[in-house]
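A short worksheet on the structure shown next.
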Amino acid sequence: MGNLMYAALRECKTDEEKKKLILQCLERKANAAEEDRQVVGDFKQGLEWFNTSEPLSLQGNLKGKLVILDFFTYCCINCMHILPDLEAIEERYSIQDGVVVVGVHSAKFDNEKDSGNILNAVLRYNISHPVVNDGDMTMWDDLKIQCWPTLLFVGPTGDYLVPLMGEGNRELSMMICDVALEFYKARGLISDHSLPLKPSKDSLPESPLLYPGKVELSHEGDKIAVADSGHNRILLLSLEGVVEHCIGGPDIGYKDGSFEDARFHSPQGMVWRNGDLFVADTENHTIRKIDFRQKVVSTIAGTGQMLDGKVGGGRWTDQELSSPWDLEFGGPNRNIMFIAMAGTHTIWGLFFEDGTWLKEIFHREGTCMAYAGSGKEENRNNSYPHKAAFAQPSGISAANEDALNCLFLADSESSTVRSISFKDGAVKALVGGERDPMNLFAFGDEDGKGYDVKLQHPLGVAWNRRDQRLYVADSYNHKIKSVDPVTKTCTTVAGCGQSGKVDGAPLDVVQFNEPGGLCVSPDGKKIYIADTNSNAVRVLDLDSQSVQELKVVFPTKAAAKPTSAQKVKKLVSARSPIVTVDEVDIIPGADVTVNLLISLPEGCELTEGAPTAWQVYAQDSAKESISAISPYYGKLTSLEETPNTTLNIPDSLAGSNITLRTEADVYFCEEVSGTCHRKGVAFEVSLHVGSTGQTTKETKSIELKHSFTL
């Protein structure tokens, strides 16, 4: 029934038709006899939860809420693609409004059933809503879920409403929320009570690296570039691990400019060319260029919007991309940048020069297009590149020797390593998987030859010209393996198979934790490894047969910790009132004191023990937080004394226009009836910062006034 409803919604031509169909569904559910109701069964007892202080229950603390169950598995690129949709829903509808998103992690791979690994994924992808580990897929099976991702809407009394499968359902999800909230609120079924949320990110330890995804040595072998993905930045290290440049981060964003001003979003693969570093800015769906001579970052491909299609053919920044995961140069004169386009399950090429290639077809400089893969998620090999199919390619490496002349790739979701010929584009199996192209579950941990080899979600490959071996980050097996492309044999090099961070020798006792990328030193003697969940770069010495962590050291102690907060999480919903305050002129270097004057309705008092709080932060014209001004966050336990805080406007913002945004999230109860409420309000003050400062210190005081009503 649910799948039929989803299909019917997809067939609707207009929004009005969709709203009418949704309303009919809700009315049918509401009027159903008790024996005909389809009620979603509760979560199993004893499951592990994240971002909460206690388990949630559809028949308990989630009763009275419109619940969106997100069935996902953390390896799935399509599941990652809908995270911005879920965040948009959470920003538009608060828990107070009656909408709650709950992630139901339903693992594909054995490694993904481990709660520690799920917690790392929750932190890595900045998931703030509650998540439960349904490792046995009990709820998945009970509800007959068919694919990742699936969103299932559950009514405030537990009724099964509407499932939405796959990507691209943001507007439809918003529409369902709008119609359902209006419908259920009219019947008094929506509650504004809070939930026992406890963000897991509060447990994150301070670390120079946070979930590094990839690592890449310069051609000379004297510099190491690290994609510090969790900090949304790129670090350039010396061979001793000393940070020479920090580009971007730590807050999420998409911005070109100086190393300090530039912003990335979960960058992954990198490749060097003529002293410049090119970066797959994965969640911004772009390719960025880091110019170390000019010390600037620019975008060379992608628009910042996710590709809606599979073929391409546009040039440079006119062409949309979809979750580029790794980069490599190859082809004639190595003038084509190959892109592992994980989001569309294809391999693309970006032409850096005019030229002809396969079938002598001419391509203009800047053309960016699909090179291999049909876009179907399969493990299909074929002599014709566009008839082959991949499943989330995540790592690529070129072997330019005449005997090979190919691009190797780690195809993560099929758990295979494969090759693409530079000569004719033929796609061939190397190791892993099986002959059935539709079977994406042929994974395990077995050395051997060809299809007898079993890998588990490999994310990285690196070709070593010295020993003519391809090194593989067998990520979910926590191992580094090598493949002989001539004999198609695979052997384990390092790692015992247990997740952890253990250095030393022999190599079969060493431990890794989901290594995501690796590269080979120019002399072929060392393998540098981005050990993602260990928050570390590890060095495998092939001569001494040992592994040691490369300690990352910032030049000063102060620089070791990110200098600004992560993306500020709004305290209030999009429906909360916004009070606009008159523009304020201020000089660079001045202080701004914000005074919060809010009052409660007569006969009301703050709810004791509730998380009433307020925060102040600065935004630019694009509504991105400004790292130069540290945000303030504080609890509100009393309104008898005016809450206030002082922020400094640094000289670096001279001549700019910024917005100072203050938010208050207030819980209060009526003394007589005992009824409790949660209200939010936001204040926005435009600050015009002058071009020059004064010799005397200036302090501006701003009063923000608001009275809540029942």
Side-chain angles (χ1 to χ4, degrees), residues 87 91 126 201 210 228 230-234 245-267 281 283-284 288 295-299 304 558-559 561-572 574 578-596 613-634 644-664 682-693 697-702 704:
E87 185 174 341
E91 288 188 358
N126 295 302
K201 67 180 181 181
L210 186 63
D228 190 10
H231 284 142
N232 305 292
R233 65 188 181 186
I234 303 298
H245 292 288
C246 177
I247 304 106
D251 44 316
I252 291 170
Y254 172 40
K255 189 176 182 181
D256 289 336
S258 68
F259 285 3
E260 294 77 16
D261 292 337
R263 291 293 177 266
F264 300 87
H265 191 178
S266 301
D281 193 6
E283 295 197 35
N284 279 326
R288 314 288 291 279
K295 293 184 173 54
V296 294
V297 176
S298 59
T299 301
K561 184 178 178 181
T563 57
S564 66
Q566 295 285 345
K567 181 179 178 182
V568 177
K569 184 73 174 178
K570 286 184 171 62
L571 280 180
V572 298
I578 299 176
V579 180
T580 303
V581 182
D582 293 340
E583 183 176 276
V584 175
D585 291 322
I586 196 165
I587 63 172
D591 289 336
V592 176
T593 298
V594 178
N595 300 282
L596 185 65
W614 71 303
Q615 66 180 10
V616 185
Y617 57 97
Q619 294 180 320
D620 60 19
S621 58
K623 299 295 185 183
E624 292 187 3
S625 57
I626 298 175
S627 60
I629 301 177
S630 298
Y632 169 81
Y633 175 89
N644 66 82
T645 188
T646 300
L647 290 81
N648 178 257
I649 309 301
D651 293 338
S652 61
L653 294 177
S656 62
N657 293 296
I658 63 178
T659 298
L660 206 61
R661 182 177 168 96
T662 302
E663 299 169 349
F683 304 87
E684 292 188 348
V685 185
S686 295
L687 299 182
H688 174 68
V689 187
S691 57
T692 58
K697 185 75 171 181
E698 180 186 58
T699 300
K700 287 282 181 108
S701 183
I702 300 173
L704 306 177

Under the rule for side-chain hydrogen bond (donor to acceptor under 3.5 Å, both in side chains), what residues qualify as partners of [X], not counting sequence neighbours?
X    : result
Y617 : R661, E663
T646 : T593
D261 : S258
T299 : Y254, D256, R288

Kindly compute the distance separating [atom1] ([X]) from [atom2] ([Y]), expressed to the nearest 0.5 Å.
X    : Y    : atom1 : atom2 : result
D251 : N232 : CG    : CG    : 7.5 Å
K295 : H245 : NZ    : NE2   : 5.0 Å
L596 : T662 : CG    : OG1   : 7.5 Å
I586 : I649 : CD1   : CD1   : 5.0 Å
N284 : R263 : CG    : CZ    : 12.0 Å
L653 : I658 : CG    : CD1   : 5.5 Å

Taking all atoms of both residues into account, what is the closest heavy-atom pair of [X] and [Y], and its distance?
X    : Y    : value
A664 : V572 : O-CG1, 3.4 Å
F259 : V296 : CE1-N, 3.4 Å
A654 : P588 : CB-CG, 3.6 Å
N648 : I629 : O-CG1, 3.9 Å

Test side-chain contact (heavy atoms from CB on, under 4.5 Å) applied to K255 and D620, step by step: CA-CA 12 Å; K255 189 176 182 181; D620 60 19; 4.2 Å; yes
Can you check whether G589's main-chain N or O pairs, donor with acceptor, with D651's side chain at less than 3.5 Å? yes
Quick one: does R233's side chain have a donor or acceptor within less than 3.5 Å of a partner on G230's backbone? no
Which residues share a side-chain contact (heavy atoms from CB on, under 4.5 Å) with V579, sequence neighbours left out: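 In terms of side-chain contact (heavy atoms from CB on, under 4.5 Å), with neighbours along the sequence ignored, V579 is linked to V681, F683, H706.
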Run the side-chain contact (heavy atoms from CB on, under 4.5 Å) test on V584 and L660 for me, step by step, so that the C-alpha distance in whole Å, both residues' side-chain angles and the decisive distance to 0.1 Å come before the verdict. CA-CA 10 Å; V584 175; L660 206 61; over 6 Å; no
With sequence neighbours excluded, residues passing salt bridge (charged side-chain N to carboxylate O under 4.0 Å, His left out) with D585: none
Identify the residue among N595, N644, V685 that makes a side-chain contact (heavy atoms from CB on, under 4.5 Å) with L704.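 With L704 as partner, N595, N644, V685 yield a single side-chain contact (heavy atoms from CB on, under 4.5 Å), made by V685.
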Candidate pair I234 and V297, rule side-chain contact (heavy atoms from CB on, under 4.5 Å), full reasoning: CA-CA 11 Å; I234 303 298; V297 176; over 6 Å; no
Under the ring-ring contact (aromatic ring centres under 6.0 Å, His included) test, residues paired with H688 that sit two or more places apart: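 Not a single residue meets the ring-ring contact (aromatic ring centres under 6.0 Å, His included) criterion with H688.
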With Y632, which residues qualify under ring-ring contact (aromatic ring centres under 6.0 Å, His included), at least two apart? W614
